[in-house]
Engineer: 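Provided herewith is a single structure, encoded as structure tokens, for subsequent inquiry.
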Amino acid sequence: MEISTPGRICLFGEHQDYLGLPVISMAISLRARIAGKKRTNKEIIIHKPGINETEMFSLDNLAYSRPRDYFKSGINVCQGAGLIFSNGFACEVTSEIPFQAGTSSSSAIMVSWIHFLSQMADKPSDWNRQKIGKLAYKAEVKEFNEPGGMMDQYSAAIGNLIYLESEPEILIRSLNTKLGTFVLGDSREPKDTMGILQRCRDARLNIIEKLEKQNTGFDLHSCGNDVDLSYLNEEEKSLFQGTIKNRDLFKQALVELEKDEPDHELVGQLLSEHHTVLKDVLQVSTPKIEAMLAAAMEVGALGGKINGSGGGGCMFVYCPENPQAAADAIEEAGGKSYIIEADEGTRID
């Protein structure tokens, strides 16, 4: 049995989903794979050749023994969803997705793992992609009380270009517009994902709590310029105004991406405007990321942004024409480049 699942980039709504705001994300043509078969005992053996590691444990002991004990949490969540495992299995995990670089390599592996488990259970389950995404989110985020949103798991599971709304309830729509090629650039700078997420999330959640107390009927989804910000300090005002700016850029982008033939230059421009807020207000970019973006723009990319939590990791640019020039420019700026396009969600290969 072999399962493959794509990584993802966030086009619009970066650092917004954990505030309850919607996002637009795209599954990409770089994939993680899990291949394996059942064993005759209850031992689980997971080979990870990319990092020269092997993980082993038994179905008889699924207590978490370390932070983010994801392979055990996947089994626990699947058992909670009704699956039964009488036998263990041996498998190998490989990935084309840049590791710990903001393109959801861990979520792609978790989605693959949940999909794999659904097929390896005593009674295999034909869960749809949305159900797999939901369980992967539970196993990766909720089980360990981590600060991320649900974009990564749903995007990897469902695939292609999606609109994801998490409040007041989960709503997912596929966007069928054809965007063409992007170029992903890995800065190869390490990043503190959890630290950045907590800093960007917690500060703004505190601001929103203040606004809700001082402004009757305050709604982050629809508020305008009439919100009383007088009791916020300058940093808090900047964070709030940046959040609203990216919310409104998202709305403008959604109108364009719902068209059969979007304005490619406008999409690129909106991506760059989104990045400007992430760089100047949330301060999640780096000099190397900026150099990679600038180099790609100089050779014709239409726009781009940092991807994921930031502080290192990946950026991408939109290049429906001549992506190789942008890929070469990113390499010359010190990054590793990948020409990518939208790809389908998790699948049995």
Side-chain angles (χ1 to χ4, degrees), residues 1-8 27-100 103-144 152-160 343-349:
M1 173 63 62
E2 180 170 338
I3 304 291
S4 78
T5 302
R8 70 98 186 98
I28 60 174
S29 49
L30 299 172
R31 303 181 73 88
R33 291 177 171 81
I34 293 181
K37 59 184 179 180
K38 286 187 179 180
R39 294 173 52 83
T40 56
N41 59 21
K42 291 196 171 186
E43 193 172 38
I44 307 289
I45 303 174
I46 303 162
H47 299 290
K48 310 170 192 176
I51 56 174
N52 194 29
E53 181 179 304
T54 296
E55 184 172 339
M56 301 173 64
F57 56 90
S58 171
L59 286 169
D60 291 329
N61 182 10
L62 295 175
Y64 304 138
S65 56
R66 58 183 179 179
R68 302 189 214 166
D69 207 346
Y70 289 151
F71 288 100
K72 287 181 182 176
S73 70
I75 296 174
N76 283 328
V77 164
C78 285
Q79 288 179 331
L83 298 190
I84 297 171
F85 302 97
S86 299
N87 298 83
F89 19 86
C91 56
E92 182 175 271
V93 179
T94 58
S95 179
E96 306 162 343
I97 306 164
F99 182 60
Q100 293 183 341
T103 44
S104 298
S105 59
S106 66
S107 296
I109 291 169
M110 177 59 83
V111 169
S112 290
W113 182 235
I114 298 293
H115 197 173
F116 177 82
L117 292 171
S118 75
Q119 299 303 302
M120 299 299 283
D122 293 2
K123 183 180 179 182
S125 183
D126 189 23
W127 288 333
N128 64 29
R129 285 169 167 169
Q130 186 163 334
K131 175 69 174 285
I132 292 170
K134 178 181 180 179
L135 293 175
Y137 170 68
K138 184 175 182 182
E140 189 175 3
V141 178
K142 303 297 281 186
E143 281 288 292
F144 301 102
D152 297 358
Q153 297 81 15
Y154 278 105
S155 185
I158 294 169
N160 292 305
D343 201 3
E344 68 175 302
T346 189
R347 68 185 183 217
I348 299 172
D349 283 345

Engineer: Let me confirm one number: the CD1-OG distance from I28 to S155, rounded to the nearest 0.5 Å.
Structural biologist: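 Those atoms lie 9.0 Å apart.
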Engineer: Just verifying a value: how many Å separate F89 CZ and I46 CD1, rounded to the nearest 0.5 Å?
Structural biologist: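 So the CZ of F89 and the CD1 of I46 are separated by 8.0 Å.
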Engineer: Would you say that more than 12 heavy atoms from the other residues, nucleotides or ligands in this model lie under 6.0 Å from the CG of N52, or not?
Structural biologist: no
Engineer: Is there a side-chain contact (heavy atoms from CB on, under 4.5 Å) between N87 and K42 once you walk through the steps?
Structural biologist: CA-CA 5 Å; N87 298 83; K42 291 196 171 186; over 6 Å; no
Engineer: With rounding to the nearest 0.5 Å, note down the distance linking CD in E43 to CE in M56.
Structural biologist: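 Answer rounded to 0.5 Å: 3.5 Å.
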Engineer: In this structure, is the centre-to-centre distance between the rings of F144 and Y64 below 6.0 Å?
Structural biologist: yes
Engineer: Going by the angle between their ring planes, with limits at 30° and 60°, are W113 and F116 parallel, tilted or perpendicular?
Structural biologist: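 W113 vs F116 ring planes: parallel.
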Engineer: Surrounding CG of D126 (heavy atoms of other residues, nucleotides or ligands, distance under 6.0 Å), is the total greater than 12?
Structural biologist: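 12 or below, so no.
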Engineer: Do NZ/NE/NH1/NH2 and the carboxylate oxygens of R33 and E92 come within less than 4.0 Å?
Structural biologist: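 No.
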Engineer: Working to the nearest 0.5 angstrom, can you tell me the gap between D122 CG and I84 CD1?
Structural biologist: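 Nearest 0.5 Å value for the CG-CD1 distance: 6.0 Å.
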Engineer: Any side-chain donor paired with an acceptor under 3.5 Å for S106 and E140?
Structural biologist: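 Checked: S106/E140 side chains pair up, N/O donor to acceptor below 3.5 Å.
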Engineer: Before giving the answer on side-chain contact (heavy atoms from CB on, under 4.5 Å), spell out for S65 and K72 the whole-Å C-alpha distance, their side-chain angles and the decisive distance to 0.1 Å.
Structural biologist: CA-CA 9 Å; S65 56; K72 287 181 182 176; 3.4 Å; yes
Engineer: Drop me the distance from E55's CD to K48's NZ, to the nearest 0.5 angstrom.
Structural biologist: 4.0 Å
Engineer: Indicate whether any N or O donor in one side chain lies under 3.5 Å from an N or O acceptor in the other, for R8 and S104.
Structural biologist: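 Per modelled atom types, R8 and S104 side chains form a pair under 3.5 Å.
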Engineer: Does a sphere of radius 6.0 Å around CD1 in I51 hold more than 12 heavy atoms from other residues, nucleotides or ligands, not counting ones at 6.0 Å or beyond?
Structural biologist: yes
Engineer: Run the side-chain contact (heavy atoms from CB on, under 4.5 Å) check on L59 and I75 step by step: do they pass?
Structural biologist: CA-CA 9 Å; L59 286 169; I75 296 174; 4.1 Å; yes
Engineer: When you look at I45 and R39, which way does the side-chain contact (heavy atoms from CB on, under 4.5 Å) test go after all the steps?
Structural biologist: CA-CA 9 Å; I45 303 174; R39 294 173 52 83; 3.4 Å; yes
Engineer: Got a second to check how far T5's OG1 is from I158's CD1, nearest 0.5 Å?
Structural biologist: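 Answer for the OG1-CD1 pair, T5 versus I158, is 12.0 Å.
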Engineer: Taking 4.0 angstrom as the limit, do E344 and R129 come out as a salt bridge?
Structural biologist: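 So E344 pairs with R129 through a salt bridge.
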